[in-house]
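In what follows, every chain begins at residue 1, and chains take the letters A, B, ... in the order their sequences are listed.
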2 protein chains.
Amino acid sequence: MGIHAECCDEQCIHKNLVDKVLAEQPDEDALYDLAELFKVFGDSTRVRILIALFEAELCVCDISEALGMTQSAVSHQLQILRTSKLVKSRREGKQVYYSLADDHVVTIMAQGLDHILE
Amino acid sequence: MGIHAECCDEQCIHKNLVDKVLAEQPDEDALYDLAELFKVFGDSTRVRILIALFEAELCVCDISEALGMTQSAVSHQLQILRTSKLVKSRREGKQVYYSLADDHVVTIMAQGLDHILE
DNA sequence: TTTACATATGAGCACTTGTTCATATGTTTG
DNA sequence: CAAACATATGAACAAGTGCTCATATGTAAA
């Protein structure tokens, strides 16, 4: 007996649809990576950082100031954003400047805003 | 002294940029809602459910079968997806059928896939 | 080199989250 | 009505996450 011993007898399952879903499903790694990507967008501090970077390239210190958060907290989040390739960084003297890595960030955020503003 | 007592003296802040960021920032509620929305996409079980629903409208039982997960786990996740208005449901006899709520889901997922496949 | 500043990072803790298990609700059939 | 089935939901627990604090690294000025 499988997981569904007490649910969903054979006659009620739409077997052909389930098979189609299983056939079309992206591979396990892609699914995992996709969820990991959205997880990065799923924190209000990181969202605020990304929106701040819509305006301009900013140094860590600027971002801390704009968000009213400690440099450490912001720096930790910036690393996560950088690991996911959502932002890129550039050192200029003592400062490190961050900016958006590509257009996907903007598109994804715009679609998200569209959705919540309905 | 504020939060930044030991960091980022006045001369190093790009005050005009910070002010611009503060002025253009969406209100607190929108930022929070946006992060909440992406948080929903940020779980591989929910991503798998959404991708399954790309193919067809499915009942809870079909989804459990396709994902190889218990009915309870799937049902909990479906409620989260429904609360965020990413899926909608329709009862037909004993079954409840779920489908994608609107096109934003597809667009957001497609952009996400684009990003990770680069 | 020493000092000061900007940023990065590791450890620890409080809080959140996904699953399981047990059970409740809703629907159809006998 | 009772029994069977599909789905929903509350509680509890393990695993993950974001912040703080302390400290390390990197860079420029004295």
What is the distance, rounded to the nearest whole Å, between atom NZ of B/Lys94 and atom C1' of C/dT27? 7 Å

Shortest non-hydrogen contact between B/Ile108 and A/Gln111, atoms and distance: CG1-CB, 3.4 Å

Within this structure, what is the OH-to-P distance between B/Tyr97 and C/dT27, rounded to whole angstrom? 15 Å

Would you jot down, in residue-number order, the residues of residues 73-84 of chain A having a non-hydrogen atom under 4.0 Å from DNA chain C? A/Ser75, A/His76, A/Gln79

Please assess A/His14 against B/Tyr97 for the test ring pair (Phe, Tyr, Trp, His ring centres under 6.0 Å), listing each intermediate value before the final yes or no. CA-CA 11 Å; A/His14 304 82; B/Tyr97 288 87; 5.6 Å; yes

State whether B/Thr45 places a side-chain N or O below 4.0 Å from either non-bridging phosphate oxygen (OP1 or OP2) of C/dG18. no

Taking OP1 and OP2 of D/dT9, is either one under 4.0 Å from a side-chain nitrogen or oxygen of B/Ser72? no

Aromatic ring pairing B/Phe38/A/Phe38, orientation class (parallel under 30°, perpendicular over 60°, tilted between): parallel

Residues at least two apart in sequence or cross-chain that pass salt bridge (Lys or Arg N to Asp or Glu O under 4.0 Å) with A/Glu28, listed by chain then number, are none

In whole angstroms, how far is the C1' atom of D/dA28 from the CZ atom of A/Arg91? 11 Å

Is any side-chain heavy atom of A/Leu78 closer than 4.5 Å to a side-chain heavy atom of A/Ile63? yes

Separation of B/Arg46 atom CZ from C/dG18 atom C1', in whole Å? 8 Å

Identified side-chain hydrogen bond (donor to acceptor under 3.5 Å, both in side chains) partner of A/Glu92 from the options A/Gln95, A/Lys94, A/Arg90: A/Arg90

Which atom of A/Ala30 lies closest to which atom of B/Ile116, heavy atoms considered: O-CD1, 3.6 Å

Starting from P on D/dG18, measure out to CZ on A/Arg48 and report it in whole angstrom. 15 Å

Atom CD of A/Gln71 to atom P of D/dG26: distance rounded to whole Å? 15 Å

Is any side-chain N or O of B/Tyr98 closer than 4.0 Å to OP1 or OP2 of D/dA8? yes

Mind calculating the distance between CE (B/Met69) and C1' (C/dT19) to the nearest angstrom? 7 Å

Measure CD/A/Gln95 against P/C/dT7 and give the value in whole Å, please. 5 Å

